[in-house]
Amino acid sequence: MQKKVIYEIKSLYRDDFQVMGYEFGSGENSVCIVGNTRGNEIQQIYVCSQLVKRLKAMEEEGKISEGHKILVIPSINPYSVNIQKRFWTTDNTDINRMFPGYHLGETTQRIAAGVFEEIKDYRYGMQFTSFYMPGKFTPHVRMMKTGFEDIELAKKFGMPYIILRNTRPYDTTTLNYNWQIWETNAFSIYTTSTNSIDTASEKMAIRSVLTFMNKEGIVEYQGHDGYISSVVDDRDMISVRTKMSGIFEEIVGVGDEVEKGQPLANIINPYEGEIVETLEAPADSIVFFAHDEPITYANTAVYKLIVKKA
Amino acid sequence: MIETIASVGLPVGEVLEIKKNRVQPDSGSNKNGKRISIVTGIHGDELEGQYVCYELIRRINEQRDKLTGIVDIYPAMNPLGIDSITRGIPAFDLDMNRLFPGNEDGDMTEYLAAKIINDVEGSDVVIDIHASNIYLTEIPQIRINELHKEWLVPMAEKTNIDFIWVHGASTVLESTFAYSLNSRNTPTLVVEMGVGMRITKEYGNQLVDGIFNLMREMGIWQGQTISPRKPVISDNPDDVVYLNASKSGVFVPKVKHWEKLKKGECIGNIINPLEGSVLDEIISPIDGILFTIREYPIVSEGSLIGRLLREEVVR
């Protein structure tokens with residue numbers, strides 16, 4: 001294992017801002033794995049830390065294949081984590097909206113450029129990331145329909161789902177999109193949680209990444225092959241939205257199977273305690289995403305459901 | 001007449017409302033049927049537009065009989081942000097100016113964006129007033145996407161601002177308020193002036209003078225107006241030189257905003273208060289004029305210190 005500084009900025013009063021990378025094996029740039037870009041993506045750092053620990057042991061056992069290099073960057077943004085702020089410490093910009101970056105630009109553009117320079121030539125890119133809304137996910141691989149996406153390759157992770165979605169204007173500045181433009185096969189991997197630790201999905205993620213690398217001949221790993229992934233277009237999922245704001249009382253959680261008409265959650269009047277709304281499943285389905293905050297706003301998609309095929 | 005254009009119940013005993021004030025001729029007769037909309041407060045930390053809204057209504061009310069069209073004033077597109085000194089929409093931590101055109105069936109933020117667009121769409125001119133951010137002070141200027149240059153520059157020239165900056169198209173900017181309206185044929189001018197969290201009355205008065213001039217040109221104001229100053233216009237990216245901090249420290253300026261500088265002149269220092277040392281001197285790389293200058297002293301490597309417009313463009 002080689003530990004190296006991927007990018008560094010001197011600070012006036014804080015310790016130096018450093019992006020640390022962990023390299024395993026040597027040879028072609030085969031796989032780059034990135035953890036958090038935002039300060040609340042703690043699960044994403046945790047997954048990477050467990051992967052570093054695992055790869056270190058595998059390297060010592062000679063299980064990294066000859067001619068392959070794996071780079072793990074657990075955190076592109078330790079500064080924001082340390083002050084528990086989601087975006088960049090001073091100007092609140094999002095590093096994952098700054099790619100491919102600009103080395104003469106603003107601070108977060110420079111960080112993006114400095115990191116991207118080091119990671120853009122990898123064959124496979126994997127990013128542990130999070131959703132802009134608070135909630136828990138069924139673990140999945142998410143791909144944008146850029147024209148470069150390779151679904152058959154994504155199936156090698158053996159995650160329960162592969163979600164495809166259309167690109168939006170802001171996507172052009174994400175790491176995933178730019179990796180694809182630079183001809184890296186890029187995957188966004190979602191585990192269950194973001195700012196809390198979920199060990200079950202962390203273990204699934206580690207197993208999935210190792211399974212993928214084993215199938216591509218990059219590591220030697222024998223584990224459970226995982227799932228035959230279901231491929232779902234994001235547009236085919238049903239969003240269940242609140243009509244009312246209030247206290248959110250969950251009845252079913254992520255991964256649960258529900259029948260049409262089954263109650264999913266209640267919205268409670270915060271002063272009088274009455275149930276003002278009960279959300280119901282519009283079809284027989286599986287809960288793919290579930291809101292996990294104690295309050296909710298009106299019009300919020302608090303559940304995303306994958307409809308069961310008849 | 002004050003109207004609520006969108007409202008959403010918040011979780012605990014409060015309703016979020018976005019309001020506008022429709023100012024129209026007393027008789028109710030809108031002679032030429034035209035409408036100007038003044039929009040501000042999309043970013044909750046930008047307050048320069050607050051004074052402009054106030055002053056515009058105040059001056060109209062002084063000579064109400066001179067008004068012959070509709071003036072719609074939207075002072076607070078992001079009321080929760082303005083209340084809590086938050087640039088984006090609080091709780092969602094989203095930049096409201098990346099949500100347009102929005103979606104009436106979407107979440108609260110998308111819903112609000114859609115209601116705003118629906119209400120403003122169809123105006124004959126929209127002025128979206130921004131105030132840079134808390135880090136940089138800007139000379140009164142209008143920024144125009146090159147896609148809409150031919151159409152918008154002649155309108156912008158009537159508004160008494162100092163500078164018109166025509167910038168390149170970018171995919172990310174497609175989700176802004178101005179782009180959404182311009183692409184629906186509602187002409188929208190984006191003003192940037194002053195600095196976040198402050199009000200610069202001088203700039204506010206300058207723009208209000210310009211808005212009246214534009215209203216007169218539209219035929220909706222019959223009162224006296226100033227003749228607008230002639231703005232510097234730049235549509236070549238090479239006209240603008242960016243100065244970024246090479247070191248993290250505290251920036252102390254030596255020059256004033258909108259000052260003409262010679263190549264080699266010192267703009268300011270980045271100092272280290274702990275050591276009592278100068279970490280870097282910021283030197284002007286060209287002959288030019290400083291139209292953006294750093295306001296917030298703390299800088300990190302890369303922070304923008306200023307923007308210069310080349311001397312040749314200004315002449």
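All values below come from the heavy atoms of this structure, side chains included, with hydrogens, waters and symmetry mates left out. Proteins get letters first, then strands, A, B, ... in listed order; numbering begins at 1 in each. Note that this is a predicted model, so its numbers are computed, not measured.
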A.B. asks: If you tally heavy-atom pairs under 4.5 Å against chain A, which of S246(B), P273(B), S175(B) wins?
C.D. replies: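 If we count pairs closer than 4.5 Å to chain A, P273(B) comes out on top.
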
A.B. asks: For M133(A), which atoms come within 4.5 Å of any heavy atom of chain B: side chain, backbone, both, or neither?
C.D. replies: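 It is the side chain, since no backbone atom gets that close.
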
A.B. asks: Between Y242(B) and chain A, which part of the residue has a heavy atom less than 4.5 Å away: side chain, backbone, both or neither?
C.D. replies: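 Nothing of Y242(B), per the 4.5 Å heavy-atom cut-off to chain A.
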
A.B. asks: Picking from S239(A), P270(A), S11(A), P134(A), which has the most non-hydrogen pairs under 4.5 angstrom with chain B?
C.D. replies: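 Going by pairs under 4.5 Å, I would pick P270(A).
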
A.B. asks: With only heavy atoms counted, which part of L104(A) is less than 4.5 Å from chain B, the side chain, the backbone, both or neither?
C.D. replies: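 Only the backbone of L104(A) comes within 4.5 Å of chain B.
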
A.B. asks: Should Y297(A) and D107(B) count as side-chain neighbours, where that means a heavy-atom distance under 4.5 Å?
C.D. replies: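 They are not in side-chain contact.
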
A.B. asks: Just how far is it from atom OG1 of T242(A) to atom CE of M108(B), taken to the nearest 0.5 Å?
C.D. replies: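 If we round to the nearest 0.5 Å, T242(A):OG1 and M108(B):CE are 10.5 Å apart.
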
A.B. asks: Given side chains that start at C-beta, do those of Y102(A) and N244(B) come closer than 4.5 Å, heavy atoms only?
C.D. replies: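 In short, these two side chains do not touch, never coming nearer than 4.5 Å.
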
A.B. asks: Enter the distance from K85(A):NZ to D93(B):CG here, rounded to the nearest 0.5 Å.
C.D. replies: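 One gets 8.5 Å once the value is rounded to the nearest 0.5 Å.
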
A.B. asks: Between S248(B) and L12(A) (side chain of the first, backbone of the second, donor and acceptor by atom type, cut-off under 3.5 Å), is there such a pair?
C.D. replies: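 No, because the side chain of S248(B) does not come within donor-acceptor range (under 3.5 Å) of the backbone of L12(A).
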
A.B. asks: Given a strict heavy-atom distance threshold of 4.5 Å, which part of I295(A) is in contact with chain B: side chain, backbone, both, or neither?
C.D. replies: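 It is the side chain, since no backbone atom gets that close.
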
A.B. asks: Look only at the side chain of Y135(B) and the backbone of T90(A), and say whether a donor-acceptor pair between them is shorter than 3.5 Å.
C.D. replies: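 Pair found, side chain donor or acceptor close to backbone of T90(A).
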
A.B. asks: Any donor and acceptor pair, going by atom type alone, linking the side chain of S245(A) with main-chain N or O of G9(B) inside 3.5 Å?
C.D. replies: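 It does hold such a pair.
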
A.B. asks: F92(B) versus chain A, heavy atoms under 4.5 Å apart: side chain, backbone, both or neither?
C.D. replies: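 Its backbone and side chain both get close to chain A.
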
A.B. asks: Tell me, out of F17(A), Y132(A), F248(A), who's got the most heavy-atom pairs with chain B below 4.5 Å.
C.D. replies: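 Result: the option with the highest number of such pairs is Y132(A).
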
A.B. asks: Taking S300(B) for its side chain and T107(A) for its backbone only, find out whether a donor-acceptor pair lies under 3.5 Å.
C.D. replies: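 No, the answer is negative, given that no donor and acceptor are paired below the 3.5 Å cut-off.
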
A.B. asks: Looking at S170(B), G106(B), P11(B), which has the largest count of heavy-atom pairs under 4.5 Å with chain A?
C.D. replies: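 With the most close heavy-atom pairs to chain A, the winner is P11(B).
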
A.B. asks: Take E301(B) and R110(A), measure what side chain to side chain contact (heavy atoms under 4.5 Å, CB included) needs, and give me the verdict at the end.
C.D. replies: CA-CA 9 Å; E301(B) 198 181 309; R110(A) 291 182 186 211; 4.0 Å; yes

A.B. asks: Quick check for you: to the nearest 0.5 Å, what is the distance between N299(A) atom CG and L112(B) atom CG?
C.D. replies: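 The distance works out to 8.5 Å.
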
A.B. asks: Which bit of I134(B) comes within less than 4.5 Å of chain A, counting heavy atoms only: side chain, backbone, both or neither?
C.D. replies: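 For I134(B), no heavy atom lies under 4.5 Å from chain A.
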
A.B. asks: To the closest 0.5 Å, what do you measure between CG (L304(B)) and CG (D91(A))?
C.D. replies: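 Separation between the atoms: 11.0 Å.
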
A.B. asks: Answer whether the closest heavy-atom distance between the side chains of N92(A) and R87(B) falls below 4.5 Å.
C.D. replies: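 Result no, sub-4.5 Å side-chain heavy-atom pair not found.
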
A.B. asks: Quick one: which of V250(B), V8(B), N133(B), D105(B) has the most heavy-atom pairs under 4.5 Å with chain A, could you say?
C.D. replies: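 Ranked by heavy-atom pairs under 4.5 Å with chain A, first place is D105(B).
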
A.B. asks: T296(A) versus chain B, heavy atoms under 4.5 Å apart: side chain, backbone, both or neither?
C.D. replies: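 The backbone, not the side chain.
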
